[in-house]
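The structure appears below as structure tokens.
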2 protein chains.
Amino acid sequence: MFARRASFATVFVMGLREQKKAETRAALSWAAVRLTVERGFGNVKVEDIAEAAGVSPRTFNNYFSSKGEAIVARHLDRGLRIAEALREGPEGPLWEAITRSVLAQFEPDAEAAAHPVADADRWTAGVRMMVSEPALQGEMLRAGAIAEAEIAAAVADRTGTDLQQDLYPHLVASAVVAAINTAIAHHLRTDPPVPVSRLLADALPRVAAGLSTP
Amino acid sequence: MFARRASFATVFVMGLREQKKAETRAALSWAAVRLTVERGFGNVKVEDIAEAAGVSPRTFNNYFSSKGEAIVARHLDRGLRIAEALREGPEGPLWEAITRSVLAQFEPDAEAAAHPVADADRWTAGVRMMVSEPALQGEMLRAGAIAEAEIAAAVADRTGTDLQQDLYPHLVASAVVAAINTAIAHHLRTDPPVPVSRLLADALPRVAAGLSTP
DNA sequence: GCGCAAACATGCGCGCCACGCAAGTTTCCG
DNA sequence: CGGAAACTTGCGTGGCGCGCATGTTTGCGC
């Protein structure tokens, strides 16, 4: 879709157009998150986000159809990467592949290092405020659901089940997403925060128990 | 909370005030669903819903803070009834109680008989349109999440686990809600529709397998 | 190189929506 | 029966999502 030419290995080259687009999208999403964490959802206007990203207010809606969508974009992308990893990963037992694909996206993030946070406690408090915002909860869960559909498709491929007819791939995908959501929520609930990867390493095998490949 | 006086058995008597409130709420929610199914989400104005329910537009927002919330209200209520049933139900193995509580809410609905549908196929098509509306997907999932919190609390009570410290009750609740969501989605996907209760009877034991009481 | 077509950013404007505020009205309870 | 509390309603406001038209940038074939 957004891969114009593939050189050796998995390196993709974008045209200048798509490069700029990706940058703008990332800038908008990042600005949306930062401002929301700092000020609270209700105190951030679309205008502010656009300004922080260096584009016009109208352009914001060319990338995201709502404030919430922008804030949740990175969450959505992470979910989609899980599905992608599941598709492209090596053969092997289903739940082994799932566990690997999921955990890979919750390692200490390289991208997180690109946006260092000055006051960690203040940041965490802001994030807690953010995720307790009703409008964002729905958006967050919806992002998970979109990723869930992709994961279900990947599971169907791997197991030879039918997306239309069988409940199995959907059940697996929803269990995986549920485990992820629960782990994240628990991570934000605990003090000091328990690493998400540890929680997932505990949760995934448990939900897997009754969902072995049919 | 809304039980003013309890006569014998489980019959609750409301004051005139709460009676009217419940009726208005139900009328608004039902009108919201009906109009959305008939015309599509984007072609229904809050004004229309209020008019259909016989109240002023402003009053709508005294009951629901958005159109989506009104549409999803019955879904939310059903989820909350599951949690309530789980709390008040008889002792016994956890997953037995869960299965009973969930399935009880997905029996051929007595309330559904109160709103007979003339053209069943047209209605089903409208419902499919409705659930594919992005804004409503988020709202729907959020309703599930609210119920999930109540279910988690009920599970913690039954199992003696700690909501704050243990992942277990949250994991169980999220698995249950995930199974319900998946079953409903599959019910809407299949033609002819497979009963939700049948799908749940299949799905719940599977997610239960790895989540036995600790 | 070069020019054209497609993609994109932006300004403008419209309709809708969530909600605060300040009446007016109904219900509750002593 | 009278006052307090709860509820409905009208009005006004700020913000949002998006369609449309216009100017600008990018990509691609020749």
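Numbered from 1 within each chain, the chains take letters A, B, ... in sequence-line order.
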What integer distance in Å separates [X]:[atom1] from [N]:[atom2]?
| X | N | atom1 | atom2 | value |
| --- | --- | --- | --- | --- |
| A:Asp48 | D:dG15 | CG | P | 9 Å |
| A:Asn62 | D:dT25 | CG | C1' | 15 Å |
| B:Lys21 | D:dA5 | NZ | P | 16 Å |
| B:Tyr63 | C:dC19 | OH | C1' | 17 Å |
| A:Arg25 | C:dA9 | CZ | P | 13 Å |
| B:Phe60 | D:dG10 | CZ | P | 16 Å |
| A:Lys45 | D:dG14 | NZ | C1' | 8 Å |
| B:Asn61 | C:dC17 | CG | P | 9 Å |

- prompt: To the nearest 0.5 Å, how far apart are NZ in B:Lys45 and CG in B:Leu35?
  reply: 12.0 Å
task: For B:His186 and B:Arg189, test the side chains for any donor-to-acceptor distance below 3.5 angstrom and give the result as yes or no.
output: no
Under 3.5 Å side-chain donor-acceptor pair for B:Arg78 and B:Gln105: no
query: When the nearest nucleotide of DNA chain D is assigned to A:Gly68 and to B:Pro57 on a heavy-atom basis, which residue is associated with the more 5' position?
result: B:Pro57
Under-3.5 Å donor-acceptor pair between B:Arg58 side chain and C:dG20 base: yes
message: With a 4.0 Å cut-off on N to O distance, would you call A:Lys67 and A:Asp48 a salt bridge?
response: no
Check this one for me: any side-chain N or O of [X] less than 4.0 Å away from OP1 or OP2 of [N]?
| X | N | value |
| --- | --- | --- |
| B:Lys20 | C:dT26 | no |
| B:Ser65 | C:dA18 | no |
| A:Thr59 | C:dA9 | no |

- line: Paired with B:Leu199, the side-chain contact (heavy atoms from CB on, under 4.5 Å) test is passed by just one of B:Thr182, B:Thr190, B:Val194, namely B:Val194
- prompt: Can you tell which of C:dT10, D:dT8, D:dG17 lies closest to the side chain of A:Val55?
  reply: C:dT10
